[in-house]
Amino acid sequence: MLLQILIQGFLLSGLYALIAVGFTLIFGIGRILNLAHGSYLMAGGYAFFWIGQIIGLPKIIGVALAVFLGAGMGIAIYRLIVRPLKGDRIAVEIATLILAVILQAAIVLIFGSSSKIPHPLVPGVVRIADTPIAWSILVATCASWIILLSLYAFIRLSHTGRAMQAVSMDPKGAAICGIDSNRIDIIVWSISGGLGALAGVFFAGYTQLSPSMWVTPLIISVAVVIVGGIGSIMGTLAVAHIIGFMEVIVTTLIAPELRGVFTMGLIIVALLFRPRGLFGREEI
Amino acid sequence: MTIALGISDLGKRFGGLVAIDGLSLAIDDGESVGLIGPNGAGKTTIIGLIMGELRPDSGRIDLFGKDISPLGVAERIRCGISRTWQIPRPFANLSVIENIRIGSMPDSLRGMIFDRSDPIRERELAMSVGLAKNDLERKASDLAMGDLRKLEMARTLAAGARILLLDEVFAGLTVGEIDHIAAVIQNLRSRGITFLIVSHDLPALAPLIDRAVAIDRGRVIAEGPLDDILDHPDVRDSYLGR
Amino acid sequence: MDIGRHHLALWAIAAAGLFVLPSLVGSGILRTLILANYLAIFAISWDVLSGRTGYISFGQPFLIGIGAYTTAILTKRFDVPMEISIPAAVLVTMVGGLIVLLPALRLRGSYFALVTLALMELCYQLVQVIRPDITGGTRGMSGLPTLTRGASNGYYLSTGLMLTIALTAWMLMRTRLGLALSAIGMDEGAVQGAGLSPTRLKSFAFLASAFIAGLGGAFYTHYLGSIAPRALFDITFLFTILAAALIGGSGTVIGPILGAFFLTFLLEWLRPLLPGAERYFVYGLVALLLYMYQPAGILAIIERVRVRLFGDSRSG
């Protein structure tokens, strides 16, 4: 039982971290909450499904298309919504929420309202310590970790990454140093969208594809930002594990229906008692 | 003479930083006092503490002999003390007269709903700080800095302020506007309003005050006529740095 | 004044028009009007809080749902008559309003909106898990008593309710209280600096908003005769309310009403062209474009047209 919770917890948390990392990046760089973040996952999941099961091309093309689609959406949201609203955070929140509803309707328009079950990324089941685990989930978690660590390295070591850090600490100061913050914003928004869509491909393996599938990952991302109070990658990983493990523990020990209740409760409690989050405010 | 505002042994720290360090100060009714000191001396913090926006760690504050330490901000304002901000904070989308109306409202829902506003008094208040008649219906966001400072003073007077705390009242003003504001302050002084004025603009400040208090690192380092304390060695040191 | 008599006549014509409408149009249009009336009530309830004080609530469905569920449970499970259950529902919703107020005392802006969103989702999950024998679980409840029979009575009831609420809200917002609430939305610290207690003003706005939401939610439930959690605690429902208020013009009373009627009828006209949930696609696009490029809403567009046609001669 304990071992099972540990394995499940780590698997789920890795995915949660990938789901939330794009959301926290955006929050970190402009303190902006993009409520259409869940839509990247939906778009990614459906793009993967479309390539693999409707067109019939290899899955890897589906993954690639999902990432490009997500990145494009990220840039589009930045250019068409965030920039025109000039960083009015509340207006961005309202506009992205409306956008999420539009995209949900668009999915119904294209694919219909019934749920779809995508083929697993990698078929088959592996047994680890008597627990059956789908290969696709194991692959998803490993991929999440690899991506998150490389993203961390990118931000710490590359020139662009350091510019991102600078913008997140002090946009004006960064501008004085000759950093084109517009370019940085576009890079961050496309990374955020691409990773979100990729997470959607993995996430679809956990649940199913449905037009309302964007809500759960959005709530998870919100929880990560609120509970962590941060835009950092390591913080995202840490809080994703808190939430992931909490959900697994609630599901196995109390009742599966309550997992969402606890996540929501965590958001509310965190905001009321630690409005700045567990780790306070930090840069990327 | 009654003491309008009495501050005794006030202390406030932010984390490890001691912002106000056992500061005492008394202002007589109808007096005008200038508060000067280098950047970071604690001038704005004192105003925040007097108004109750910040909670002091020690000390007490009396208004006309009454301890106001336990009161909240709105209650203190009802006791007759009010402030303006270094950067004016008008209600940008409301007209000048509506801004003043907010200040003159009773702090009760019933009063706000059922009592009528007093347009004559609102108008008089606007005139008394030198706002032009045809500015009254303009949106506050359209006003120039000097008019915003006037508007803020009118709003505090509307709330019944007898003691005004002005924070950097000349900041961001043109020379002409400084003269205007100075005239308004002189006019209010002649009507018995008590002032505590924070300013870096010493030439502009000099004619408006009866005496000055110089502070540094949260402590009073000199008190007296402005010319005298500017010669005070501690004051010179604090401005020039050691 | 001349203007006064002129206005009075206009109001009388409008009232008479509203009264004879059911005998002129079919019951299909009447049902659409009923929906528009309830949406207008919900949008006013959102606007009293968010349009004025600037505390953007994503949790209005939470309040409406509390009202709806309270009266549904009381009438269905405990056989309480509606005369008692509806006032009880309003009271319980106001308690819910206090729950929303709590975070507003500590948080501002975008975080506050998120808590209210979390509250709504939390309610959706809780309703399904806690005592499904009482709440009806995922499927909700049906066969609730209804207040009226037939479309025309439903139309009279909903129109009367909507107009009463709108008129009360309008008169209240014209007083200095309305001014003070708008001031909160601009600079809460300066309201305090003007000697007014922001907490008291916010409490009023939240309770008034909850009152309207509870009243609307309860009547709406007894109009539908059924209740379903996914239709209430739902982002699409939230979106509809928000869109109505924002499109019409928030910070006013007439704006949300205009928005509600515009959106409801838009939705109806799209029905033959785009059956099913796809309508929300067009609906959402209109809402988003208007929000992005005309944040003051339809009301501002009408005003601009009026000024262009008749010149800028406001009579007050």
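Throughout, protein chains are lettered first and strands after them, A, B, ... in sequence-line order, and every chain is numbered starting at 1.
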**Q.** Separation between CG of C:Leu119 and CD1 of A:Ile268, rounded to the nearest 0.5 Å
**A.** 4.0 Å
Q: Flag the one option from A:Ile267, A:Val222, A:Ile81, A:Ile219 with the top tally of heavy-atom pairs under 4.5 Å to chain C.
A: A:Ile81
Q | Nearest-0.5 Å distance, OH of residue C:Tyr280 to CG of residue A:Leu103 | A | 16.0 Å
(Q) Is it the case that atom CD1 in A:Ile117 sees more than 12 heavy atoms from other parts of the structure closer than 6.0 Å? (A) no
(Q) Working to the nearest 0.5 angstrom, can you tell me the gap between C:Glu121 CD and A:Thr263 OG1? (A) 11.0 Å
Q. Non-hydrogen atoms of chain C under 4.5 Å away: do they reach the side chain of A:Ala223, the backbone, both or neither?
A. neither
Q. What part of A:Val215 lies closer than 4.5 angstrom to a heavy atom of chain C: side chain, backbone, both or neither?
A. side chain
Q. How many angstroms lie between CZ in C:Phe112 and CD1 in A:Ile90, if you round to the nearest 0.5 Å?
A. 10.0 Å
Q. Roughly how far, to the nearest 0.5 Å, is the CZ atom of C:Phe58 from the CG atom of A:Leu97?
A. 5.0 Å
Q: Check each atom of C:Ile56 against the heavy atoms of chain A and say whether the ones under 4.5 Å are side chain, backbone, both or neither.
A: side chain
Q: Output the residues of residues 245-263 of chain C for which the shortest heavy-atom distance to chain A is under 4.5 Å, in residue-number order; output 'none' if no such residue exists.
A: C:Leu246
Q | Within 6.0 angstrom of C:Arg139 CZ, more than 12 heavy atoms from elsewhere | A | no
Q: Return yes when atom CZ of A:Arg79 has more than 12 non-hydrogen atoms of other residues, nucleotides or ligands closer than 6.0 Å, and no otherwise.
A: no
Q.
Could you measure the distance from the CZ atom of C:Phe281 to the CD atom of A:Gln104? Nearest 0.5 Å is fine.
A. 12.5 Å
Q. In terms of heavy-atom pairs under 4.5 Å with chain A, which of C:Leu122, C:Val115, C:Thr236 leads?
A. C:Leu122
Q: Compare every heavy atom of C:Met292 with every heavy atom of A:Leu80, then report the nearest pair and how far apart it is.
A: O-CE, 3.1 Å
Q. So which of C:Val282, C:Leu114, C:Leu126, C:Leu102 has the biggest tally of heavy-atom pairs under 4.5 Å with chain A?
A. C:Leu114
Q) What heavy-atom pair brings A:Ala95 and C:Leu288 nearest, and what distance separates the two atoms? A) O-CD1, 3.6 Å
(Q) How close do A:Met264 and C:Ala118 get, counting heavy atoms only, and between which atoms? (A) CG-O, 3.1 Å
(Q) Using a 4.5 Å heavy-atom cutoff, which residues in residues 33-41 of chain A come close to chain C? (A) A:Leu33, A:Leu35
